[in-house]
Amino acid sequence: MDDAQPGLAGFLGTDRPRVRWFHAASDLRDFMITTFRVSPERLARHLPAGYVPEVVELAGGPAALVSAVAFRDESFHFRGLPRVAITCGQVNYRAYVRRDGVRGAWFLGTAFDHPTVVLPRRLWGMPWRRERIGLTATWDDGRASWALRTDEATCRASEAAAVPAGLDGFATERDWQALLTHPTVGWYRRGRAGRVGTYSIWHPPMAARHFVAAEARFPFLERLGLVQPGQEPHSLLGQELLPFDIHTPPRRVRGPVTATP
């Protein structure tokens, strides 16, 4: 589906790939994308050769963007095993990048609140770690509220009193939806072997609600030298429930990948 059809104001998403029995599915509840401005040069140090930061022209100058994407997996399961399902909190740390002109998300790491965290780490070399994750949210007709607390991260936010006219760095709503809410291709550094893994997802277009943070601390991003303590987020975009297809298993990107000097 074309996300840039003339005369259409909103982002229309992408075609849903054929659902296969070995794919995974989950309902992502209390979903929030907390995005920060970062230096493109600093982000590039964490990317292998061939992957470049997506640079956005913000009011304060050009910048790359990284997000902490937090949610509660509800009944995560493989379609061939519908009765074997788990529910737990998850936080994905991702950057927005391009590879050979293809836009996607580079996954810096994932916190996962379930013992099965060892499976994606050992089977597919994914940068996942176990962490306690607590999420609370209220979604009503008034101003929604949302809060995250993990072993080290804390974020508290309330829905904006009014929908902003736009997001810094983006000309239209369609532009920020396509970049921030709908990357369908993901890459990650696969273990210590100097290779890259990739997988894809699908979900319907996000009906994002805008939030304002009272507090937003993500030490994982701070340790990487990307975000400063106390830094104000670029944006917070939330939704009560979002169904996901996850096209498992991840695959290896062909050829060795060397780190960018």
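Everything numeric in this text was worked out from a predicted model, so none of it was measured.
- Salt-bridge annotation for Glu215 and Arg149: absent, with no side-chain N of the basic residue lying under 4.0 Å from a carboxylate O of the acidic one.
- In this structure, Glu232 has no side-chain hydrogen bond (donor to acceptor under 3.5 Å, both in side chains) partners at least two apart in sequence or on a different chain.
- Using modelled atom types and a 3.5 Å distance limit, the side chains of Asn92 and Gln90 yield a donor-acceptor pair.
- Shown here are the salt bridge (Lys or Arg N to Asp or Glu O under 4.0 Å) partners of Arg132, two or more places apart in sequence or in another chain: Asp151.
- Under the salt bridge (Lys or Arg N to Asp or Glu O under 4.0 Å) criterion, Arg217 pairs with Glu222, not counting sequence neighbours.
- Residues Tyr51 and Trp187 meet the side-chain proximity criterion, which asks for heavy atoms closer than 4.5 Å.
- A heavy-atom distance below 4.5 Å is not found between the side chains of Pro40 and Val52.
- Minimum heavy-atom separation, Trp139 to Ala144: CE3-CB, 4.0 Å.
- Rounding to the nearest 0.5 Å gives a distance of 11.5 Å between CG of Asp27 and CD of Glu240.
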* Under the side chain to side chain contact (heavy atoms under 4.5 Å, CB included) criterion, do Ile33 and Leu236 qualify, and how do the steps go? -> CA-CA 6 Å; Ile33 304 172; Leu236 289 93; over 6 Å; no
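- Within the 4.5 Å cutoff, no side-chain heavy atoms of Leu237 are placed close to those of Phe211.
- Under a cut-off of 6.0 angstrom, the local environment of CZ in Arg18 is sparse, with at most 12 non-hydrogen atoms contributed by other residues, nucleotides or ligands.
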* To do: Run the numbers on Phe218 and Val227 for side chain to side chain contact (heavy atoms under 4.5 Å, CB included), then give the verdict.
  => CA-CA 8 Å; Phe218 294 94; Val227 173; over 6 Å; no
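- Cluster note: Trp21 groups with Phe22 through ILVMFWY side-chain heavy atoms spaced under 4.5 Å, whether in direct contact or through intervening members.
- Side-chain contact between Thr87 and Phe76: absent, with no pair of heavy atoms (C-beta onward) separated by less than 4.5 Å.
- Each of Thr34, Thr154, Ile133 was evaluated against Leu148; a single residue qualifies, Ile133, per the side chain to side chain contact (heavy atoms under 4.5 Å, CB included) test.
- Remark: Arg16 engages Asp245 in a salt bridge (Lys or Arg N to Asp or Glu O under 4.0 Å) (not counting sequence neighbours).
- Donor-acceptor pairing under 3.5 Å is recorded for the side chains of Thr150 and Glu131.
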May I have the list of side-chain donor-acceptor pairs in residues 55-69 shorter than 3.5 Å, sequence neighbours left out?
residue, atom, partner, partner atom, Å
Ser67, OG, Thr35, OG1, 2.7
Ser67, OG, Tyr96, OH, 2.7

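- Taking CG of Leu28 as the start and CG of Leu241 as the end, the distance is 8.0 Å to the nearest 0.5 Å.
- Two residues are said to be in side-chain contact when any heavy atoms from C-beta on lie closer than 4.5 Å; Tyr199 and Thr248 fail this criterion.
- In terms of the side-chain hydrogen bond (donor to acceptor under 3.5 Å, both in side chains) criterion, residue partners of Asp73 (sequence neighbours excluded) are, by chain and number, Ser26.
- Side chain to side chain, Thr184 and Thr14 fail the donor-acceptor criterion of an N or O pair below 3.5 Å.
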* For His77 and Ser75, run side-chain hydrogen bond (donor to acceptor under 3.5 Å, both in side chains): C-alpha distance rounded to whole Å, both residues' side-chain angles, the deciding distance at 0.1 Å, then the answer. => CA-CA 6 Å; His77 64 278; Ser75 297; 5.9 Å; no
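- Not counting sequence neighbours, the partners of His247 by the side-chain hydrogen bond (donor to acceptor under 3.5 Å, both in side chains) test are Ser200.
- Taking the six-membered ring where the residue is Trp, Phe112 and Trp128 present tilted rings, their angle falling between 30° and 60°.
- Residues satisfying the ring-ring contact (aromatic ring centres under 6.0 Å, His included) test with Phe31, not counting sequence neighbours, are Phe71.
- Using a 4.5 Å cut-off on side-chain heavy atoms (C-beta onward), Phe220 and Leu108 make contact.
- Contacts of Trp124 classified as ring-ring contact (aromatic ring centres under 6.0 Å, His included), with partners at least two apart in sequence or in another chain: none.
- With sequence neighbours excluded, the residues that form a side-chain hydrogen bond (donor to acceptor under 3.5 Å, both in side chains) with Glu54 are Arg98, Arg103.
- With sequence neighbours excluded, no residue forms a salt bridge (Lys or Arg N to Asp or Glu O under 4.0 Å) with Arg121.
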